2 protein chains.
Amino acid sequence: MPQKNNNVFSSEIINALSIDCLIIGFQESKLKILLVQHAEGIIKNQWALPGGWVAYNENIDAAAYRLLNDLTGVKEIYLEQLKAFGEVNRYPSKRVITIAYFALTRPENFELHPGFTASDAKWFSILDIPKLPYDHDQILDFARQILKRKVKYEPIGFNLLPEKFTLLQLRDLYEAILEKKLDKPNFRRKITKMNLLIPCNEKQQSVSHRAANLYRFDKLVYDKLKKKGFIFEF
Amino acid sequence: MPQKNNNVFSSEIINALSIDCLIIGFQESKLKILLVQHAEGIIKNQWALPGGWVAYNENIDAAAYRLLNDLTGVKEIYLEQLKAFGEVNRYPSKRVITIAYFALTRPENFELHPGFTASDAKWFSILDIPKLPYDHDQILDFARQILKRKVKYEPIGFNLLPEKFTLLQLRDLYEAILEKKLDKPNFRRKITKMNLLIPCNEKQQSVSHRAANLYRFDKLVYDKLKKKGFIFEF
DNA sequence: TACCTTGTAGTCAAATTGACTATAAGAATT
DNA sequence: AATTCTTATAGTCAATTTGACTACAAGGTA
């Protein structure tokens with residue numbers, strides 16, 4: 001095992017490790033992902049996952065938050081590590097290992113203001129993504145797979161839906177993630193039996209049909225189920 | 001985004017990234033984990049997860065295989081990435097990010113011969129692990145959690161059990177992972193209904209009670225279920 | 001007022017579950 | 001040779017859950 005070596009060319013250590021963020025949103029019944037155009041560098045003017053370098057004295061989780069905020073203006077978001085991608089040639093000019101982070105959020109909560117390192121930031125439908133640079137396509141595929149699996153053993157939606165939502169909105173979300181249709185009454189029966197939802201005693205506004213009841217998550221039950229896990233099969 | 005910089009102090013880049021392996025086995029109805037004593041370095045003579053440095057021009061997956069083999073003599077094993085651990089101070093002398101890998105295997109398949117970088121390698125019961133250095137305790141906890149979750153949405157056992165095994169051995173495995181008792185007839189009913197097991201039409205040998213039938217996994221069904229996922233709740 | 005559209009409740013047979021009991025098959029003991 | 005272990009395997013049964021439906025409610029809109 002190597003001994004300590006003080007001849008550290010620190011900036012290069014920093015450069016060897018990057019972060020890429022998969023920021024997932026849900027809007028108009030569709031899954032969205034946030035992409036940015038970097039202002040400079042090799043992939044200038046190309047849409048890519050938001051990301052950048054980890055600083056030498058920065059925890060990787062902290063780096064993910066910082067980069068996300070710098071590039072998109074998105075703050076106070078829940079991030080979770082997905083996986084490290086470390087193929088030798090995944091990045092053209094040198095060896096870079098990237099750690100992919102994954103977040104679920106509400107697009108309408110954020111006014112995107114690309115930071116000084118990105119020239120633009122935009123939500124894309126997950127069904128219609130431009131060709132991404134490096135191995136970003138592969139990272140995105142992996143993230144979608146994980147999301148599909150996640151939905152089956154943890155509650156989901158707390159970060160994706162508005163605070164108050166209808167059962168049909170929640171079903172739409174599940175359908176978008178699982179990529180299949182779910183029976184309306186059966187979904188309702190199953191989800192309400194979980195004790196996860198609290199009725200708001202309020203109705204949807206300005207819809208041109210019967211207004212649905214609004215619900216919100218019981219944060220306590222939600223967190224408990226998230227930790228303990230459950231089984232949700234359709 | 002930084003440009004290419006050729007003043008790379010490569011050995012230091014290498015040193016900044018390490019791999020740690022969690023090699024899980026199942027023996028005498030107990031989950032085991034493989035630990036090593038490093039021959040040299042800061043934690044000489046202390047039991048720790050097998051691991052080491054990733055070379056500059058080496059894929060991280062390849063590095064995991066190489067290191068595992070160098071340290072323990074274990075070859076041809078299925079490794080899967082668990083997570084990157086990147087707290088700034090997780091390693092004493094400098095900033096090291098480690099990528100944890102995770103494998104399920106059969107201890108009896110390997111004759112451990114610690115390589116030149118390890119002075120010893122040994123299987124420990126997962127219920128009785130010595131204090132591990134760095135953040136290895138935390139990594140191990142994380143791995144146990146993941147295993148517990150994994151068992152619920154994927155078949156497990158193919159790499160942990162002998163080729164031919166009894167239903168009770170399989171149940172013992174599930175009990176060890178889930179850390180709870182499972183009803184014998186109900187377990188049998190559930191697992192056999194999955195079409196995952198093929199009866200060998202052979203019986204257990206030299207047991208001092210009624211001999212049980214031996215089964216093996218249907219590799220095709222197993223792989224399909226592993227890919228597609230299922231739900232296994234007790 | 002009729003007729004859309006979506007929300008919500010309820011039905012019912014089939015399948016699954018959880019908690020059991022009962023019996024079978026050997027080996028070991030008497 | 002009979003009895004007594006121990007573990008294997010089959011089966012029972014009520015309660016719950018599921019999947020595939022039907023029916024009706026509650027609005028807006030034509």
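Values in this document were obtained by computation on a predicted structure and should not be read as measured data. Lettering of chains follows the sequences in order, A, B, ..., and the numbering in each one begins at 1.
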Exercise. When the distance from CG of Leu168(B) to C1' of dT9(D) is rounded to whole Å, what number comes out?
Worked result: 10 Å

For this session: Measure the distance from CD on Glu233(B) to P on dT16(D) and round it to the nearest whole Å.
Result: 18 Å

For this session: Would you confirm whether Thr192(B), through its side chain, and Arg189(B), through its main-chain N or O, come within 3.5 Å as a donor-acceptor pair?
Result: yes

Seminar exercise, completed: When rounded to whole Å, the CG to C1' distance for the pair Leu182(A) and dA20(D) reads 14 Å

Exercise. Out of dA20(D), dT17(D), dA27(C), which nucleotide sits closest to the side chain of Lys193(A)?
Worked result: dT17(D)

For this session: Measure the distance from CG on Asn186(A) to C1' on dG10(C) and round it to the nearest whole Å.
Result: 11 Å

For this session: Establish whether the base of dA8(D) is bridged to the side chain of Asn213(B) by a donor-acceptor pair shorter than 3.5 Å.
Result: no

Exercise. In terms of side-chain heavy atoms, does Asn59(A) have a donor or acceptor partner in Glu87(B) at a distance below 3.5 Å?
Worked result: yes

Seminar exercise, completed: DNA chain D nearest-nucleotide lookup for Arg188(B) and Val207(A): closer to the 5′ end is Arg188(B)

Exercise. Taking atom P of dT8(C) as reference, at what distance in whole Å does atom CG of Asn201(A) sit?
Worked result: 12 Å

For this session: Report the nucleotide, chosen from dA27(C), dG7(C), dG28(D), that has the shortest atom-to-atom distance to any side-chain atom of His209(A).
Result: dG7(C)

Problem set entry | Leu167(B) CG - dA10(D) P separation (whole Å) | 9 Å

For this session: Would you mind telling me which residue lines up with the more 5' stretch of DNA chain D, Asp183(B) or Pro185(A), judged by nearest nucleotide?
Result: Asp183(B)

Exercise. For the pair made of CD in Glu202(A) and C1' in dG27(D), what is the distance, rounded to whole Å?
Worked result: 17 Å

Exercise. Which nucleotide in the set dA26(D), dA20(D), dT7(D) lies at the smallest distance from any side-chain heavy atom of Arg210(A)?
Worked result: dA26(D)

Exercise. Among dT9(D), dG10(C), dG7(C), which nucleotide sits nearest the side chain of Lys184(B)?
Worked result: dT9(D)

Exercise. Between Arg149(A) and Glu154(B), is there a side-chain N and carboxylate O pair less than 4.0 Å apart?
Worked result: yes

Exercise. Contact class for Lys190(B) (heavy atom, under 4.0 Å): base, sugar-phosphate, or nothing?
Worked result: sugar-phosphate

Seminar exercise, completed: Phe232(B) atom CZ is separated from dT17(C) atom P, nearest whole Å, by 9 Å

Exercise. Looking at Phe230(B), does the NZ or CZ of Lys228(B) lie under 6.0 angstrom from its six-membered ring centre and within 45 degrees of the ring axis?
Worked result: no

Exercise. Checking only heavy atoms, does the side chain of Arg189(B) share a donor-acceptor pair with the base of dG18(C) at less than 3.5 Å?
Worked result: yes

For this session: May I ask you to decide whether Lys219(A) forms a salt bridge with Asp223(A), counting only side-chain N to carboxylate O separations under 4.0 Å?
Result: yes

